[in-house]
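Start at 1 with the first residue, then count along the sequence.
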Amino acid sequence: MERRAPAGKAVRVATGHGDIDAALGGGIARGRLHEIFAAEAGDAGSATGFAGMLSIRLGGGIVWLREEAAVRGGGHLHAPGLVEIGLDPARLLLGLLPDALSVLRAAADVVRCAGVGVAVIELHRDPKVLDLTASRRLALAAEESGVAALLLRIAATPVASAADTRWAVRSCASQPLPANAPGHPTFDLELLRQRGRGADGRWQVEWNREQAVFTSPTPSGAVVAVPARRPAAAPIPLRRAG
C-alpha cells in the first residue's frame, strides 16, 4: 500500500442519541469505513435497517452493493420497508454483482467518488477476499473522498480490519404507539470498537422516521451502557445460515 498523509479531522454527523454521540466524539464520521454486523443470523434484517438509517442520517446519494447470491438466498431489499424508514428511493442506486470479489472491486471505485454520500457494501459470511488489506484500501479511499463507507456483514465473523467503528446489531421489541399502533423500529446496538478512542458501549435505541434520528426507547428511555475491553478481532457468537 502506498504511503499517504495522515487523514484530517473527520466530519461527524450526530445520530441524535446523546450517549452514542458522546461515545463517538460527536457522531458517526464521514470519510471513514464502518463495519455493521448482524449479531445473529436472525438479526440480518435489523442490521440492514440500521445501515439504511445511518445512510439517511449521513446524507447524500447512496450506492448499495450486494452479491447476487444474497438476492437468491435472502431476497431483494424490501423497497416499501426502505420508504417506511424514510429512505427516498431517488437517493438510492442498487448494484448487484456476481460475487464478493466483484463487490469489493466495485466498492473501491464507488468509495473513491466524492459525489457519493454513502456506500453500503453488503457481504455475507466470510469471503477470503475480504482481508485487512482489502479493508485498508476501502478506508484509505473513504478518507480521501469523504464518502462514508458502511461494510454490512451478514452471518460473518469479525476479523482485524481498518474500520473506524465496528457495530453489532440485535433485534429488539418496540414499544407500541398510542391506540396500539406499531412502534418505532428498535435495536440493541453494541459499539464493539473504534479506532483512536477507548470508549465502547451498548444501547437500546429507536429510529424516529419523522426526525430521522436515533433516540432512547419510550416510555422507559432506558439506556444500557456496558463497557467491555476486547481485542480488535473479538468474535461475536453467530448462528450461520445455510
I'd like to know if the side chain of [X] and the backbone of [Y] have a donor-acceptor N/O pair within less than 3.5 Å.
{"X": "Arg195", "Y": "Asp164", "answer": "no"}
{"X": "Asp126", "Y": "Thr157", "answer": "yes"}
{"X": "Asp43", "Y": "Glu40", "answer": "yes"}
{"X": "Ser174", "Y": "Cys172", "answer": "no"}
{"X": "Asp21", "Y": "Thr15", "answer": "yes"}
{"X": "Arg197", "Y": "Ala23", "answer": "yes"}
{"X": "Ser135", "Y": "Ala162", "answer": "yes"}
{"X": "His34", "Y": "Leu152", "answer": "no"}

So, do [X] and [Y] sit near enough that their side-chain heavy atoms are less than 4.5 Å apart?
{"X": "Thr215", "Y": "Val213", "value": "yes"}
{"X": "Arg66", "Y": "Leu97", "value": "no"}
{"X": "Thr186", "Y": "Gln204", "value": "yes"}

* To do: Could you tell me if the ring centre of Phe50 sits under 6.0 Å from that of Phe37?
  =>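 Phe50 vs Phe37: aromatic centres not under 6.0 Å.
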Check: residues 72-85 side-chain donor-acceptor pairs under 3.5 Å, at least two apart:
from: His78; atom 1: ND1; to: Gly81; atom 2: N; distance (Å): 3.1

* To do: Tell me, yes or no, whether the heavy-atom count around Arg91 atom CZ, taken from other residues, nucleotides or ligands under 6.0 Å, exceeds 12.
  =>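 Counting other residues, nucleotides and ligands, CZ of Arg91 exceeds 12 neighbours.
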* Provide the closest heavy-atom pair for Glu122 versus Ala70 in the form atom of the first, atom of the second, distance. =>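 Distance-wise, the nearest heavy atoms are OE2-CB, 4.3 Å.
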* Going by distance alone, is a donor N or O of one side chain under 3.5 Å from an acceptor N or O of the other, for Ser161 and Glu35? ->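 Yes, Glu35 and Ser161 have a side-chain donor paired with an acceptor closer than 3.5 Å.
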* Asked: According to a 4.5 Å side-chain heavy-atom criterion applied to Ile, Leu, Val, Met, Phe, Trp and Tyr, with indirect links allowed, do Trp207 and Leu150 form part of one hydrophobic cluster?
  ->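 Yes, because Trp207 and Leu150 connect within a single hydrophobic cluster, where side-chain heavy atoms sit under 4.5 Å apart.
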* Honestly curious: do Leu123 and Trp64 fall in one hydrophobic cluster under the side-chain, below-4.5 Å linking rule? ->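 They do not share one cluster, since no chain of ILVMFWY contacts under 4.5 Å joins Leu123 to Trp64.
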* Partner of Val118 by side chain to side chain contact (heavy atoms under 4.5 Å, CB included), out of Val110, Leu58, Leu54 ->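 Result: among Val110, Leu58, Leu54, Leu58 is the only option passing the side chain to side chain contact (heavy atoms under 4.5 Å, CB included) with Val118.
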* To do: Give the other cluster members for Leu96, using side-chain heavy-atom distances under 4.5 Å between Ile, Leu, Val, Met, Phe, Trp and Tyr residues; answer none if it is isolated.
  =>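 The other cluster members (ILVMFWY side chains, heavy atoms under 4.5 Å, direct or chained) are Val71.
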* To do: Assess whether side-chain contact (heavy atoms from CB on, under 4.5 Å) is satisfied between Leu130 and Leu151, documenting all intermediate values.
  => CA-CA 11 Å; Leu130 181 59; Leu151 187 56; 4.1 Å; yes
* Going from CD1 on Ile20 to OG1 on Thr165, what distance comes out if it is rounded to the nearest 0.5 angstrom? ->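 Between Ile20 CD1 and Thr165 OG1, I get 11.0 Å after rounding to 0.5 Å.
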